[in-house]
Asks: 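Next up is a structure, given as structure tokens.
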Amino acid sequence: MSYLDKSLKEIHEALKEGKVTSKELTEESLKRAHEYQEELNSFVTILDDAKDEEVTDNVLSGIPCAIKDNFSTKDILTTASSNILSDYVPVFDATAVSKLKNAGMVMIGKTVLDELAMGGTGTTGHTGIVRNPWDPTRQIGGSSAGSASAVARGIVPYALGSDTGDSIRKPAGYGGIVGYKPTYGLVSRWGLFAFASSLDHVGCFAKTVEDAAYVIDNIKGIDEKDMTSFDSSNINLVDSLNNDVSEKKLFYIKEIVDKLKDDKEYYDNFLKVLDYAKELGIEVKEESIDENILRGIYPSYMAISCAEATSNNSNLTGIPFGNRKEGRTPDEVMINTRTEGFSELIRRRFVIGSFILQKENQEKLFFNAQRIRRLIVDKMNDLFKTYDGCIMPNAGSIAPKFDEELDRLSDKYLLLENHLAIGNFGGFPSITIPSGLIDNMPVAINITGPIMTDDLVFNIAKKLEEKIGFEPLSVKEEK
């Protein structure tokens, strides 16, 4: 097996012992990036001039990684997969990127996303669709599509992503890897292109729970440039992985899980994971939440995110920066730039956001969406007084094919495909881990906990991961 396909700790040990060099890992990672680019389209930019790094005591040192292309990277093209930013080169690094650089990481490329991170399919980036390594006729999901496919394919051991509704966790589940969204403020968002500021989180993809813990331990922490960040020096994810989880308590939401019963294989897979949890001494119980409130997750998410996105992206006019289109007046420049620079999906979301923010619509649309968000968060916090976390199926199906039609008004879609947004509504730590295969495609479960219990969420996920024994695609094929 190639060292690139081993865990971060194993790679680090091999580097320290001289069994492999950072240069060799970097060259192999770049070779794989080019080899799979036509098939998967994981990257906007592949950094062929990436240099190896000194190997230190930091587990990430000298090891290749990829960065979602909505993180600012100094002197490196950063497009957010949008034509309007197709020539934008930042003059600074995002805080998370700076911290990875300080850890000694080797950035080999910037990955494709749904345009401006607004989407869940991996099909709207300006450089084309991203495909699932398990089956290229299927989606990998989005918006962090390229990062997910790069890790799933074994091009890099880990990658950064962002998560506003499920943009790390849904693709991780579809790709058979680990995806983690932290407590809001655990990782600084400074330098991440804002989509919906009250929902955006910086997180990561990795092959294992432990690998994800190493990444987050390196990038978390208070940042004076991000007023929402907090001091997390008392949260140490790697150190907490092997704690005893017996007598912990998890719940699942009956009204959502019931929608999975029509898919016997997936439902049975979920029940099997619950049995594993019970074998670990974890108590698992069913809890109910008013289904009328749960049906409001998706429309509330859309209302809030579109409104915030409209405000956050008002600077994309082509005047201060970006791919400017000519016009006789500043207004014409802005209109021409935004018309040609944004896809139909983005223009539609901005129109919706502007409509929601109009004074006469705010009470009915924006504030009502916020009320539904508050009802859900209050209910979850009430349950978290009794339970240590919530365990749920990650999605309602295996990764859909590109030509597959979804009924977006069905209860199954509204509940099973959108419940991960609860983690963003409340800023809760939330991790997705693979739980098995159905029709040779990965399925996954998700664990979400109370705010600032990231270490416990990781701890429980690690113990379940050991029970499940899932092998990522790249590891499976290398064997």
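Numbers here simply count residues along the sequence, with the first being 1. The structure displayed is predicted, hence computed values, not measured ones.
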Asks: Please answer whether the main-chain N or O of Glu291 pairs with a side-chain N or O of Glu255 as donor and acceptor at a distance below 3.5 Å.
Replies: no
Asks: What verdict does the side chain to side chain contact (heavy atoms under 4.5 Å, CB included) test give for Ile253 and His419, after you've listed the backbone C-alpha separation in whole Å, the side-chain angles of each residue and the deciding distance to 0.1 Å?
Replies: CA-CA 10 Å; Ile253 302 170; His419 69 84; over 6 Å; no
Asks: Pair Ile129, Arg131 - check side chain to side chain contact (heavy atoms under 4.5 Å, CB included), show working.
Replies: CA-CA 7 Å; Ile129 66 174; Arg131 298 173 184 85; 3.8 Å; yes
Asks: Before giving the answer on ring pair (Phe, Tyr, Trp, His ring centres under 6.0 Å), spell out for Tyr298 and Tyr413 the whole-Å C-alpha distance, their side-chain angles and the decisive distance to 0.1 Å.
Replies: CA-CA 9 Å; Tyr298 180 59; Tyr413 179 83; 5.7 Å; yes
Asks: Could you check whether any side-chain N or O of Asn424 sits under 3.5 Å from a backbone N or O of Leu199, counting only pairs where one atom can act as donor and the other as acceptor?
Replies: yes
Asks: Does CD in Glu38 sit with more than 12 non-hydrogen atoms of other residues, nucleotides or ligands closer than 6.0 Å?
Replies: no
Asks: Atom NZ of residue position Lys101 - does it have more than 12 heavy atoms of other residues, nucleotides or ligands inside 6.0 Å?
Replies: yes
Asks: Side chains of Ile219 and Leu160, heavy atoms from C-beta outward: is any pair under 4.5 Å?
Replies: yes
Asks: Do the ring planes of Tyr301 and Phe195 sit parallel (below 30°), tilted (30 to 60°) or perpendicular (above 60°)?
Replies: perpendicular
Asks: Can you establish whether the number of heavy atoms outside Lys467 located under 6.0 Å from its atom NZ is more than 12?
Replies: yes
Asks: Between the main-chain N or O of Gly179 and the side-chain N or O of Arg169, is there a donor-acceptor pair closer than 3.5 Å?
Replies: no
Asks: Would you say Arg338 and Thr317 are linked by a side-chain donor-acceptor pair, where the criterion is simply a distance under 3.5 Å?
Replies: no
Asks: Can we say Lys31 and Glu35 salt-bridge, meaning some charged N sits less than 4.0 Å from an Asp/Glu carboxylate O?
Replies: no
Asks: For the backbone of Thr164 and the side chain of Asp200, can you confirm whether one donor and one acceptor N or O come within less than 3.5 Å of each other?
Replies: no
Asks: Got a second to check how far Leu415's CG is from Leu260's CG, nearest 0.5 Å?
Replies: 11.5 Å
Asks: Under 3.5 Å, side chain of Ser311 to main-chain N/O of Glu308, donor-acceptor pair present?
Replies: no
Asks: Using the ring centroid of each side chain, check whether Tyr158 and Tyr214 are separated by less than 6.0 Å.
Replies: no
Asks: Verify the distance criterion only: is there a donor paired with an acceptor across the side chains of Thr432 and Asn394 at less than 3.5 Å?
Replies: yes
Asks: Between CG of Leu85 and CD of Glu115, what distance do you get to the nearest 0.5 Å?
Replies: 9.0 Å
Asks: Does Arg153 make a cation-pi contact with Tyr36 (under 6.0 Å, within 45 degrees of the axis)?
Replies: yes
Asks: Which class fits the ring pair Tyr88 and Phe193: parallel under 30°, tilted 30 to 60°, perpendicular over 60°?
Replies: tilted
Asks: Locate the shortest heavy-atom distance separating Phe342 from Ser82; write the atom from each residue and the value.
Replies: CD2-OG, 4.1 Å
Asks: Would you call Phe251 and Met380 a side-chain contact if the rule is heavy atoms closer than 4.5 Å?
Replies: yes
Asks: Start with the C-alpha gap between Ser86 and Asn83, add the side-chain angles, then the distance that decides, and say whether side chain to side chain donor-acceptor pair (under 3.5 Å) holds.
Replies: CA-CA 5 Å; Ser86 59; Asn83 281 321; 5.1 Å; no
Asks: What's the separation between atom CG in Leu40 and atom OG1 in Thr111, rounded to the nearest 0.5 Å?
Replies: 12.5 Å
Asks: Applying side chain to side chain donor-acceptor pair (under 3.5 Å), run through Asp454 and Thr183 and close with a yes or a no.
Replies: CA-CA 7 Å; Asp454 300 69; Thr183 293; 2.6 Å; yes
Asks: Decide yes or no on side chain to side chain contact (heavy atoms under 4.5 Å, CB included) for Arg374 and Ile376, but give the supporting numbers first.
Replies: CA-CA 5 Å; Arg374 174 48 52 197; Ile376 292 168; over 6 Å; no
Asks: On a heavy-atom basis, which atom in Asp114 and which in Thr123 lie closest, and how many Å separate them?
Replies: OD1-N, 3.1 Å
Asks: Side chains of Ile431 and Ile460, heavy atoms from C-beta outward: is any pair under 4.5 Å?
Replies: no
Asks: Should Lys261 and Asp258 count as side-chain neighbours, where that means a heavy-atom distance under 4.5 Å?
Replies: yes
Asks: Would you say Val178 and Glu465 make side-chain contact, with heavy atoms under 4.5 Å?
Replies: yes
Asks: If I take atom NZ from residue Lys401 and atom CD from residue Gln139, how far apart are they, to the nearest 0.5 angstrom?
Replies: 11.0 Å
Asks: Is it the case that atom CG in Asn440 sees more than 12 heavy atoms from other parts of the structure closer than 6.0 Å?
Replies: no
Asks: Is the backbone N or O of His34 less than 3.5 Å from a side-chain atom of Gln37, with the two atoms forming a donor-acceptor pair by type?
Replies: no
Asks: Where do Asn70 and Thr78 land on the side chain to side chain contact (heavy atoms under 4.5 Å, CB included) test, with the steps shown first?
Replies: CA-CA 6 Å; Asn70 60 343; Thr78 304; over 6 Å; no
Asks: Without swapping roles, check the side chain of Asp439 against the backbone of Met441 for a donor-acceptor pair under 3.5 Å.
Replies: no
Asks: Between the side chain of Ser229 and the main-chain N/O of Asp226, is any donor-acceptor distance below 3.5 Å?
Replies: yes
Asks: Just wondering, more than 12 heavy atoms not from Phe355 lying within 6.0 Å of its CZ?
Replies: no
Asks: What's the separation between atom CG in Asp163 and atom OG in Ser143, rounded to the nearest 0.5 Å?
Replies: 8.0 Å
Asks: Identify the two heavy atoms, one from Phe470 and one from Leu437, that lie closest to each other, and give their separation to 0.1 Å.
Replies: CE1-CD2, 3.8 Å
Asks: Are the side chain of Ser162 and the backbone of Val202 linked by a donor-acceptor contact shorter than 3.5 Å?
Replies: no
Asks: If we count only N and O atoms by modelled type, under 3.5 Å, do the side chains of Asp69 and Ser81 hold a donor and an acceptor together?
Replies: no
Asks: Please check this pair: side chain of Asn446 against backbone of Pro393, looking for a donor-acceptor N/O pair closer than 3.5 Å.
Replies: no
Asks: State, yes or no, whether a side-chain contact exists between Val89 and Ile76 at a heavy-atom distance under 4.5 Å.
Replies: no
Asks: Can you label the angle between the His201 ring and the Tyr184 ring as parallel, tilted or perpendicular, going by 30° and 60°?
Replies: perpendicular
Asks: Assess, by modelled atom type and distance only, whether the side chains of Ser288 and Lys254 contain a donor and an acceptor separated by less than 3.5 Å.
Replies: no
Asks: Students often mix this up, so state it plainly: with edges at 30° and 60°, are the rings of Phe92 and Trp190 parallel, tilted or perpendicular?
Replies: tilted
Asks: State, yes or no, whether a side-chain contact exists between Leu116 and Phe350 at a heavy-atom distance under 4.5 Å.
Replies: yes
Asks: Apply side chain to side chain donor-acceptor pair (under 3.5 Å) to residues Lys110 and Thr73 and explain how you reach the verdict.
Replies: CA-CA 9 Å; Lys110 301 293 294 295; Thr73 47; 2.8 Å; yes
Asks: Do the charged groups of Arg32 and Asp5 touch, with an N to O distance under 4.0 Å?
Replies: yes
Asks: For the NZ atom of Lys259 and the CG atom of Leu294, what is their distance to the nearest 0.5 Å?
Replies: 9.5 Å
Asks: With a 3.5 Å cut-off and no angle check, do the side chains of Ser144 and Ser167 form a donor-acceptor pair?
Replies: no
Asks: Scan side-chain atoms only and decide if Ser198 and Arg373 contain a donor-acceptor pair under the 3.5 Å cut-off.
Replies: yes
Asks: Does some side-chain heavy atom of Phe425 sit less than 4.5 Å from a side-chain heavy atom of Ile297?
Replies: yes
Asks: If you apply the rule side chain to side chain donor-acceptor pair (under 3.5 Å), what do you find for Asp211 with Ser7, and how did you get there?
Replies: CA-CA 7 Å; Asp211 284 1; Ser7 71; 4.6 Å; no
